[in-house]
Amino acid sequence: MDRRWGICNQLYFVAVLSFMLMTFCGCGTGKAVNRVLFNMDTVMDISVYGKETDLDEAEKMISDLDLRLSVTNRQSEIYRINHHEEVLVSDETKEIIEKACELSRVTNGAMDISIYPIVNAWGFTGDEKRVPDEEKINELLAYVNYEKVEDSMDDLNGNFLLPDGVEIDLGCIAKGYTGDKVIELLKSNGVEHAIISLGGNIHTLGKRVDEKPWRVAIVDPDDTKTYIGTVDVSDKVVITSGAYQRFFEEDGVIYHHIIDPSTGYPANSGLKSVTLIGESGTVCDALSTAFYVMGLDKLTEWWSENGDAYCVDAIIVDDRGTVYVTEGIKDDFTLMGDHSIEVINK
Ligand code: AMP
Ligand code: MG
């Protein structure tokens, strides 16, 4: 049996580069400070034009959120909810569950907050990855339905109790939500320039100190040491979902971590990566996963109808290496390498 396991923290260098730019282009109040940390099972890189205490507060906020949202930490609210304890959830946990349910609904379950039984059966949150029996997958699919999560919140007293078998996975949204909260915190501390990378999910605050936009590179899913292009953003997030980020190989077949909730198997939608660009990390993180599951035709239709309401654009790489860019971001995107590019218009 040939078995391989991979995690790729793409775009990590971007924050470092931007940090140097902040250092050398310094003006205004504060100075460029940077911290690299490991949390939520990933490398995080926070670069702020501010104070060391801003980094301390950001780091604490990330640890606190991880303690609430982790599926593996026995003390976390999500762990206790998944073990069918009746939990009085914190405001943050309630907020993210509600948002995840809304996004599950509007994507018709392409992204589904209740996918955890399937993700767990594949072993994606533990050390032992494996291909589950088809019978097992079909049995567990009966529990995948975000409506059962929506119905579990007791609005009167804020208690939360899931039905037997139903379990929550916030893996497709938690880092985006956390990034939003960190940016809010930095803003409230008076920070005007920051770029943070939470495992390759990039959140930007303002512009660089030289008033130019941040330039974020997007990994080539076929060669993760290179890039398909760069996108210029300010006050926006750039969040990517891709099969290359977390996968294992068994008997010559690659199995990745983005599950199609309609089959229980890794999504086989003809795409290699989907990058969302928008104002909300929570929204973009959830939608990057949902778009990956939908595939090009369905995501194009979804984006044409809902892209404005959710303030998102997308950069997609398909199986043939063609890059698709939605019209709202095309002028800010610079293609690299010899990929062909097509613009998705409404
Ligand atoms: P992302 O990297 O943001 O696309 O999120 C992928 C993670 O979200 C996986 O590691 C799973 O924990 C979880 N996940 C996988 N497929 C889905 C899905 N269809 N809906 C919701 N969460 C998912
Ligand atoms: Mg996501």
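For ligands, and for the atoms within them, numbers begin at 1 and follow the listed sequence.
Polar contact check, R246 against ligand 1: no nitrogen or oxygen pair lies under 3.5 Å apart. Ligand 1 has an N or O atom lying under 3.5 Å from an N or O atom of H257, backbone or side chain. Considering both main-chain and side-chain atoms, T240 never comes within under 3.5 Å of ligand 1 through any nitrogen or oxygen pair.
Within the sub-2.8 Å shell of the Mg ion (ligand 2), the protein contributes these N/O/S atoms: C172 O, D285 O, D285 OD1, T289 OG1.
With H256 as the partner, the ring pair (Phe, Tyr, Trp, His ring centres under 6.0 Å) test is satisfied by one option alone out of Y292, W122, Y265: Y292. With Y177 as reference, E95 is the one residue of K99, E92, E95 to meet the side chain to side chain donor-acceptor pair (under 3.5 Å) rule.
Using a 4.0 Å cut-off between heavy atoms, S104 makes no contact with ligand 1 at all.
In this structure, Y116 has no ring-ring contact (aromatic ring centres under 6.0 Å, His included) partners at least two apart in sequence or on a different chain. A search for ring-ring contact (aromatic ring centres under 6.0 Å, His included) contacts involving H339 returns nothing, not counting sequence neighbours. Partners of E167 according to the salt bridge (charged side-chain N to carboxylate O under 4.0 Å, His left out) rule, which considers only residues two or more places apart in sequence or in another chain, do not exist here.
Summarising the geometry of T289 relative to C172, their closest heavy-atom pair is OG1-CB, 3.2 Å, with the distance given to 0.1 Å. What you find for H203 and V237 is that their closest heavy atoms are ND1-CG1, 3.3 Å.
Taking each of D41, I115, I259 in turn, the one with a heavy atom nearest to atom 19 (N) of ligand 1 proves to be I259.
Close contacts of ligand 1 with P261, meaning ligand atoms under 4.0 Å from a residue heavy atom, involve 19 (N). For ligand 1, the atoms sitting less than 4.0 Å from at least one non-hydrogen atom of M111 are 20 (N), 21 (C), numbered in the order shown with element in parentheses. Residue contact check: D285 has heavy atoms under 4.0 Å from atoms 3 (O) of ligand 1. Atoms of ligand 1 found under 4.0 Å from any heavy atom of S241 (numbered from 1 in listed order, with element): 1 (P), 3 (O), 4 (O).
Using a 30° and 60° split on the angle between ring planes, W302 and Y310 fall in the tilted class, from 30° to 60°.
Closest protein heavy atom to atom 12 (O) of ligand 1: D169 OD2, 2.7 Å. Protein heavy atom closest to atom 1 (P) of ligand 1, with residue, atom name and distance, is T289 OG1, 3.3 Å. Closest to atom 20 (N) of ligand 1 among all protein heavy atoms lies D112 N, 2.9 Å.
When side chains are defined from C-beta on, V131 counts as touching Y255, because their heavy atoms get closer than 4.5 Å.
In this structure, A110 is part of the shell of residues with a heavy atom less than 4.0 angstrom from ligand 1.
The cationic group of K346 lies under 6.0 Å from the six-membered ring centre of W303 and within 45° of the ring axis, placing it in a cation-pi geometry.
Side-chain contact of D66 with N73: a donor-acceptor pair under 3.5 Å is absent, judged by distance alone. D112 and S104 share no side-chain donor-acceptor pair at under 3.5 Å.
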